[in-house]
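Computed from a predicted model, the values in this text were never measured in an experiment. Heavy-atom basis, side chains included; hydrogens, waters and symmetry copies ignored. A, B, ... follow the sequence lines: proteins, then strands. Residue 1 opens every chain.
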Amino acid sequence: MDVSFILDALNDKQREAVAAPLQNSLVLAGAGSGKTRVLVHRIAWLMHAYELSPYSLMAVTFTNKAAREMQGRIEQLVGVPPQGMWVGTFHGLAHRLLRAHWRDAGLKENFQIMDSDDQLRLIKRIMRDMSIDETRWPPKQVAWFINAQKDEGRRAAHVPDSHDPFSNGMRELYYHYEEACEKNGLLDFGELLLRAHELMLTNPALLRHYQQRFVHVLVDEFQDTNSIQYAWLRVMVGDQGTITAVGDDDQSIYGWRGAKIENIQNFTKHFSDVQTIRLEQNYRSTGNILKAANGLIRHNDDRLGKELWTDSGSGEPISVYAGFNEQDEARFILEVIKKWRDKGTSLTDMAILYRSNAQSRVIEECLVREQIPYRIYGGHRFYDRLEIKNALAYARLAIDANDDGAMERVINVPPRGIGERSIGTIREIARDQGCSMWQAAEQIVVHGTLPARATNAIKAFMTLIQGMAQTVQAPDLGLGDVFEQIIQEAGLIPYHEKEKGEKGEARVENLQELVSAASGFSWSETDEEFSSPMLAFLDQAVLDAGDAQADEYQDSVQLMTLHSAKGLEFPLVFLTGVEENLFPSKMSFEEPGRLAEERRLCYVGITRAMEKLYITYAESRRLHGSESFNSPSRFIREIPEDCLEEVRLRSQVARPVSLQRPDYQAQNQRIMQGHQVPQTNISMGDRVRHPIFGEGLVINYEGQGPQARVQVNFDTEGTKWLVLSFAKLEVL
DNA sequence: CAGAGTGCCTTTTTT
DNA sequence: AGGCACTCTG
């Protein structure tokens with residue numbers, strides 16, 4: 001069989017990786033070196049050259065998006081969908097195993113997956129039941145603790161006893177949490193992995209089956225695996241199977257949630273006869289961008305070592321812009337965006353990256369003002385939204401009335417006269433009798449435990465849910481129709497319409513979006529493990545963020561955190577807020593390893609850019625309500641100077657070159673006050689008074705002398721541009 | 001019981 | 001700044 005089509009379009013190193021013998025291999029793939037390409041071609045090669053059935057292959061990724069992309073590209077290359085091959089995320093595949101073998105895994109058949117929000121609710125409920133002081137053990141920290149333990153593969157019983165009452169309290173809560181999950185058939189994200197691992201360890205026959213089945217396992221983004229994922233992989237691969245691990249130690253950015261960079265660093269020690277291949281030729285970025293990236297990452301120790309190169313030209317230098325404040329930073333970005341747009345670059349090719357989600361707001365406001373469409377990734381995900389979760393909870397309750405979580409969630413949404421008091425009574429009865437809340441509610445209705453008004457409200461709610469149960473079971477209704485009716489019957493639309501502001505409007509739209517997502521949901525592909533489309537849909541809603549919902553095809557600027565930018569590329573990239581305390585985040589200063597991770601994050605950011613990279617920072621920044629003066633990030637200094645260029649929008653301003661200077665604090669003060677508008681008596685940062693608009697702060701200017709215009713941020717009137725020779729501004 | 005209003009607290013990244 | 005829990009009022 002002619003297999004040349006698989007190897008033809010590859011470079012030497014890629015070909016080496018793709019056509020490697022059927023053995024363990026580690027592909028160290030630098031950013032933009034064709035990593036996914038290698039994975040996909042490797043799969044095609046295994047099928048054609050070694051005649052492996054897709055059935056004997058498993059490919060694991062971290063995100064659903066990556067899994068979908070891989071699936072699509074395999075199909076494209078091979079021509080047909082790889083029947084029987086397991087392609088999915090760690091969580092998705094673990095889930096699949098557990099659905100198929102729920103009994104062996106010691107689960108209930110109808111077990112449910114909780115997202116982090118559900119998890120937190122459960123923890124709070126447990127703590128309230130136990131009357132535990134939430135200020136001493138903040139529920140969020142409890143959740144964090146439990147998740148961290150699970151990432152390490154530890155159950156409550158494995159957590160070592162400690163002399164510290166705080167940790168012991170945590171452990172105690174973990175016990176109770178495990179118990180509650182067990183009782184209610186609930187699994188959090190970490191539990192999926194932990195349980196799937198245990199399933200294999202405790203069922204030798206099952207393990208043998210899967211080890212024999214999966215001749216070769218491929219893993220993407222290997223540097224992000226945590227302990228339990230790694231353990232699971234090793235078990236699945238076994239002694240007979242082999243593995244291809246693709247990753248980049250320089251792009252390991254998930255240490256904070258348990259990823260172990262050691263997994264890739266020690267790969268050759270843990271697996272036998274590993275062939276290591278480095279992909280260092282970059283097809284994405286210009287020479288300058290790569291030089292910057294290489295220069296930066298050299299400051300990290302313990303690297304496996306890799307240097308990106310390209311045979312295309314060096315391109316433009318990287319521009320660094322120092323904004324006066326975050327508004328100014330955003331305005332600068334917008335000006336550049338407009339310039340590029342007018343030159344014909346489509347907005348989709350531009351990305352604005354930031355360290356934390358909170359930073360997006362100022363930029364968004366600016367985009368709205370300039371009427372430039374944008375799309376924001378991450379943040380609150382579609383299926384995480386309150387209104388969506390409520391609608392889903394109705395569906396869950398309609399399927400299983402004993403689902404307490406769902407019951408708690410929607411029993412009084414929209415308000416129907418079942419207040420805290422009544423809910424408390426229901427909860428109490430349920431707890432005393434060890435029954436579900438629904439059963440408790442039935443008793444209340446029968447015995448009239450509560451006042452007539454409350455009882456009637458409960459009765460009405462139960463009738464409503466029973467009606468929905470009929471709807472869900474109706475054989476001729478599509479999934480979309482079912483949700484349409486549920487939303488209708490629950491009265492969610494008028495409830496949200498009543499909300500003031502645009503919020504309610506957006507929620508109604510989201511509910512409509514849910515209906516269309518449900519209509520478009522195809523079940524056939526998701527295989528036999530799931531017993532009904534509705535159940536499959538509900539599971540998928542928890543596991544898949546549903547990120548690509550709205551406006552996917554509109555030409556819009558892309559906004560996202562650095563973390564969610566990994567794996568993507570854009571011709572024009574803005575790396576924003578590159579300031580000490582922000583990026584690197586001040587949280588990273590305590591442990592040395594965290595700073596290295598921030599640096600890798602910066603490396604990821606830089607290497608997203610194909611043609612042109614802008615790095616921006618603000619000398620003063622208002623975040624979380626208070627103003628701070630941060631110095632430019634050390635990362636800027638770590639980039640080789642000769643690939644940087646400092647941008648001054650208005651070139652008259654003589655600004656001290658601040659990048660190489662260690663002592664920023666005093667200097668920032670000077671900068672704040674030092675920008676005089678040429679041939680005028682006004683400087684940036686001055687407080688001024690206007691006869692009509694009142695007092696404000698000068699934050700920007702244009703032109704000079706009689707033509708000069710300044711932008712003033714008035715205390716009460718917002719920001720305005722004023723021509724100096726007309727406006728009567730008094731400097732205070 | 002519902003809805004408005006007040007005060008308090010948290011601020012990194014998310015499968 | 002924004003979200004959340006709690007209190008107050010109709």
Next on the checklist: Measure CG/L562(A) against C1'/dT14(B) and give the value in whole Å, please.
Outcome noted: 14 Å

Checklist entry - What integer distance in Å separates K65(A):NZ from dT14(B):P? => result 12 Å

Checklist entry - Please give, in whole Å, the distance from dT14(B) P to F90(A) CZ? => result 19 Å

Checklist outcome for this item: Shortest non-hydrogen pair, W137(A) vs M127(A), comes out as O-CE, 3.0 Å

Give me the distances for all protein-to-nucleotides 5-7 of chain C N/O pairs that come in under 3.5 Å?
residue: dA5(C); atom: OP1; partner: K124(A); partner atom: NZ; Å: 3.3

Item to check | Integer-rounded Å distance: dG3(B) C1' and N412(A) CG | outcome: 12 Å

Next on the checklist: I need the OH-P distance between Y377(A) and dT13(B), as an integer number of Å.
Outcome noted: 18 Å

Next on the checklist: Rounding to an integer number of Å, can you tell me how far Q327(A) CD sits from dA1(C) P?
Outcome noted: 11 Å

Checklist entry - Residues two or more places apart in sequence or in another chain: which of them pass side chain to side chain donor-acceptor pair (under 3.5 Å) with R257(A)? => result none

Item to check | Presence of N357(A) side-chain N/O under 4.0 Å of dT14(B) phosphate oxygens OP1/OP2 | outcome: yes

Checklist entry - Across the strands shown, which category fits S422(A) at heavy-atom distances under 4.0 angstrom: base, sugar-phosphate, nothing? => result sugar-phosphate

Checklist outcome for this item: Residues at least two apart in sequence or cross-chain that pass side chain to side chain donor-acceptor pair (under 3.5 Å) with Q141(A), listed by chain then number, are none

Next on the checklist: Judged by each residue's nearest nucleotide on DNA chain B, which is more toward the 5′ side, P415(A) or T561(A)?
Outcome noted: P415(A)

Item to check | Stacking of W256(A) on dT13(B) base (centres under 5.5 Å, planes under 30°) | outcome: yes

Item to check | First encountered from the 5' end of DNA chain B, between H91(A) and I418(A) | outcome: I418(A)

Next on the checklist: For a 4.5 angstrom cut-off between non-hydrogen side-chain atoms, does Y617(A) reach L582(A)?
Outcome noted: no

Next on the checklist: Taking side chain to side chain donor-acceptor pair (under 3.5 Å) as the definition, give me every residue that meets it alongside N147(A), ordered by chain and number, with sequence neighbours left out.
Outcome noted: Q119(A)

Checklist outcome for this item: Across all chains, not counting sequence neighbours, the side chain to side chain donor-acceptor pair (under 3.5 Å) partners of D224(A) are K566(A)

Next on the checklist: Rounding to an integer number of Å, can you tell me how far I253(A) CD1 sits from dT14(B) C1'?
Outcome noted: 10 Å

Item to check | For atom CD of E420(A) and atom C1' of dC8(C), their distance in whole Å | outcome: 17 Å

Can you check nucleotides 9-11 of chain B for protein contacts, nitrogen or oxygen pairs under 3.5 Å, and list what you find?
residue: dT11(B); atom: O2; partner: H624(A); partner atom: ND1; Å: 2.6

Item to check | ring-ring contact (aromatic ring centres under 6.0 Å, His included) partners of W256(A), counting only residues at least two apart | outcome: Y254(A), H563(A)

Checklist entry - Does S585(A) make a side-chain N or O approach to OP1 or OP2 of dT13(B) shorter than 4.0 Å? => result no

Item to check | ring-ring contact (aromatic ring centres under 6.0 Å, His included) involving F461(A) - partner list, sequence neighbours excluded | outcome: none

Checklist entry - Who passes ring-ring contact (aromatic ring centres under 6.0 Å, His included) against F537(A), sequence neighbours left out? => result F483(A), F521(A)

Checklist entry - Hey, is the side chain of R416(A) poking within less than 4.0 Å of OP1 or OP2 on dC1(B), counting only N and O atoms? => result no

Next on the checklist: Using atom C1' in both nucleotides, what's the gap between dT13(B) and dC4(C) to the nearest angstrom?
Outcome noted: 22 Å

Next on the checklist: In the structure I gave you, are the side-chain heavy atoms of L543(A) and L192(A) within less than 4.5 Å of one another anywhere?
Outcome noted: yes

